[in-house]
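Every chain is numbered from 1, with letters handed out A, B, ... down the list of sequences.
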Protein chains: 2
Amino acid sequence: MTQRMSLKKLAAHLGLTEGTVSRALNNYPDISAKTRDRVQQAATELGYRANPLARRLATGVAEAVAYIMPETHSTISEPFVSQLLAGLGETLSERGWDLLVTQSGSAEQEADMLHKLITSGRVSGVVLSRPLKNDARIKLLQKAKFPFIVHGRSVEYKDYAWYDVDSKAAFVAAVDHLVALGHARIGFIGAPTYYNFAQMRLDGYKEAIANNGLEVDPDLIQITELSDDGGELAAGDLLDCTRAPTALLCVTDTQALGALAAIRARGLVPGKHVSVIGYDGLRFGRHTNPPLTTMAQPQAHSGRQLGDMLLAIIDGGDPTDFQVLRSAELLRRKSDGPVWVDTSETMSKTREEQT
Amino acid sequence: MTQRMSLKKLAAHLGLTEGTVSRALNNYPDISAKTRDRVQQAATELGYRANPLARRLATGVAEAVAYIMPETHSTISEPFVSQLLAGLGETLSERGWDLLVTQSGSAEQEADMLHKLITSGRVSGVVLSRPLKNDARIKLLQKAKFPFIVHGRSVEYKDYAWYDVDSKAAFVAAVDHLVALGHARIGFIGAPTYYNFAQMRLDGYKEAIANNGLEVDPDLIQITELSDDGGELAAGDLLDCTRAPTALLCVTDTQALGALAAIRARGLVPGKHVSVIGYDGLRFGRHTNPPLTTMAQPQAHSGRQLGDMLLAIIDGGDPTDFQVLRSAELLRRKSDGPVWVDTSETMSKTREEQT
DNA sequence: CTTGCCTCCGAAAGCGCTTTCGGAATATCT
DNA sequence: AGATATTCCGAAAGCGCTTTCGGAGGCAAG
């Protein structure tokens, strides 16, 4: 196999200069149709493809975007990453661009990493995910006027591009649903509220509780980590206190798995004695015991959409024109139901017997 | 904010030439310790970092590797992708290299894409996953003498680097386990055998069946797609036939989820009437109904390990020195148990002979 | 037959770095 | 002392492409 075809060799082969060939290939208007065709045909015949590195250096366009992976807390709820990556990669490859993936350590470290990334010239844009309420990375990108889009929103989201699901509304809907089922004591299992999504969901919960004429009881709110174990612990605390909730709302499906486990561990039946509603709509919820009712977010083409929007911004689009808010829908499986009315005795008694 | 620091400016600032500064920064021996220190200190003070694109073009080293994502069949079992990516990214970033992610369409398309990728100079190495029995991509990479490592193995695996789990042995162990529990009719739910992992697991199954003095009954083998639905369908077929199996071995946990569903749908209790064993060790399995017994593979640091090995190969290491075979372990949860002996006669069509 | 205007291509200067080569300046040896 | 080595840096040629600029040749208009 001969050496890789270069512009120089192609030009020599055609009896033209490199510059001319380059312009012909890039459809410059100052090349006659005749030579343009001749050049392009020769290029495909000889299998010439411009060296991306050289082109990027010469044009100053990185032809690549980076996806900043969220720290993988739970090994359980990250399937969306591969889906999103697939979608992103698809849009990018249509343009011949690369998709870089980076992972960060701490939050501080991440801002530094991001700064290096965008000043290095390796990428033309960035997609961020799971933003904090007050996200230093977003500020950094804004100040640098660097093209980016975020998957999710921070608390102040007017001035940049984002794609998010209205999880606050979703939690309102979930509470309404539970209230309609007769629940009056609804527990909330949340995540640290430096994650804005956690805050928004908590807001939705509180708002809906209040709107339904119920009292927002701090004792019914548990903040825990984003894992099944976290959910299990939190649910346990909630269930073991006096005046335990009759329904549990979890900020993610992963936590809800733990909640189901906690309920079962106490001899209760999720969906009967205690309702559980998760959030995400993970397909896996079909297989839990019982199948998990959840607020399902439409994550089908989020990757593609993020990619399209980011490219549009890189092309000079106004970021504020790209703010997409999708909505989640209640996906009823089997973990929710009417409030349990204990005909025999107190619930704690029942529980003790069954353990 | 001033323009990005360049070598030229740094050199001017120091009263040296670009070449000298470059060599000083790269620890060339022909630079006096004095000026080397002076240069390096000035570089850090002024925040100079070489433009990666320019360096890559000049040196001919791409400083990046690509991960070829497997087609995402099931939205359920892909958490490992994000884990693996995290590990890979970690090793690479220690070296300042980039991690590219690409997705392919069809198999043909993928070979073409891969060819373009490795001839484009964008990457110095490739990590492949989920190889086919006879994988064109591997042949391509071998012929091109391009550094690569595969996550998994193809049928002929002597001549390249790979990291794999001995899933054949795992299936032998699983069969042995079931036989020890008294099962004599063990169903196998597999995946298309162009995937070598599917073939290897099937081989393990057959081998163990035979070694245990049982008959390899083609009717007990179902090949289906890699999804929960696939597993459910296949399990249904198996359960509905005369002389149904008393245990089901699934090639992935995802399929096993479907198998559990199929069993429950027939009014049977998984782990009691019919045993199910999956493969992967997904944490999800803790939450199924009942919790899924599985052959758990150690996927903790596979990403890091793949990265380390690939870098070693890129550095000139012999690929055949990097072949790592890990082993999976039986993780007993609740979906397996002794063969169900039908005391009454409700399940009239179990089997005739005892073990 | 000029003048002027296009059309189309060649020439050359980068993009920001690396690396080879050669030669001052300094050090070492007889 | 002169000759020979060393040490250390400058000069310059790339890496493979893009892009600006200018001008030769062709055409229509005067």
_Contact check, side chains of B:Asn134 and B:Lys139, non-hydrogen atoms, under 4.5 Å_ = yes

*Hey, does B:Thr59 reach any base, or is it just sugar-phosphate, or nothing, if we go heavy atoms under 4.0 Å?*
sugar-phosphate

_5' precedence on DNA chain D between A:Gly19 and A:Ala54 (nearest-nucleotide basis)_ = A:Ala54

*State, with a plain yes or no, whether a side-chain heavy atom of A:Pro131 is found less than 4.5 Å away from one of A:Trp162.*
no

*Map B:Gly15 and B:Ala58 onto DNA chain D by nearest heavy atom, then report which one ends up closer to the 5' terminus.*
B:Gly15

*Could you note down all residue pairs passing salt bridge (charged side-chain N to carboxylate O under 4.0 Å, His left out) where residues 23-38 of chain A supplies at least one of them, sequence neighbours left out?*
A:Arg23-A:Asp30

*Do A:Phe148 and A:Val65 come within less than 4.5 Å of each other through their side chains, counting heavy atoms only?*
no

_Does A:Ser32 reach a base, just sugar-phosphate, or nothing at all? Heavy atoms under 4.0 Å._
sugar-phosphate

*Member of B:Leu84, B:Val165, B:Ile68 meeting the side chain to side chain contact (heavy atoms under 4.5 Å, CB included) criterion with B:His151*: B:Leu84

_Angle by which the axis turns from one end of the helix from C:dC1-D:dG30 to C:dT30-D:dA1 to the other, five pairs per end, to 10 degrees_ = 50°

*With a 4.0 Å cut-off on heavy atoms, is A:Ser22 in touch with a base, just the backbone sugar-phosphate, or nothing at all?*
base

*Ring center gap for B:Tyr195 and B:Phe197 short of 6.0 angstrom*: yes

*Which part of the nucleic acid, if any, lies within reach of B:Leu16 when heavy atoms closer than 4.0 Å are counted: base, sugar-phosphate only, or nothing?*
sugar-phosphate

*5'-most contact on DNA chain C: A:Glu18 or A:Thr35, nearest heavy atom basis?*
A:Thr35

*How is B:Leu7 classified with respect to the nucleic acid when contacts are heavy atoms under 4.0 Å: base, sugar-phosphate, or nothing?*
base

*How would you list all residue pairs meeting salt bridge (charged side-chain N to carboxylate O under 4.0 Å, His left out) that involve residues 143-154 of chain A, not counting sequence neighbours?*
A:Arg153-A:Asp164

*Mind checking B:Thr20 for me? I need base, sugar-phosphate or nothing, with any heavy atom below 4.0 Å counting as a touch.*
base

*Non-hydrogen side-chain atoms of B:Val127 and B:Leu88 separated by less than 4.5 Å*: yes

_At a heavy-atom distance below 4.0 Å, which nucleotide of DNA chain C is the first touched by chain A, and which is the last?_
C:dC8 to C:dG16

*Is the shortest heavy-atom distance from the side chain of A:Thr320 to the side chain of A:Lys158 under 4.5 Å?*
no

*Please, which pairs that meet salt bridge (charged side-chain N to carboxylate O under 4.0 Å, His left out) have at least one residue in residues 308-320 of chain A, sequence neighbours excluded?*
A:Arg95-A:Asp315

_Per-nucleotide protein contact string for nucleotides 22-28 of chain D, where B marks a base within reach and S marks sugar-phosphate only (heavy atoms under 4.0 Å, - for neither)_ = -------

*For residues B:Leu141 and B:Leu128, determine if any side-chain heavy atom of one lies less than 4.5 Å from a side-chain heavy atom of the other.*
yes

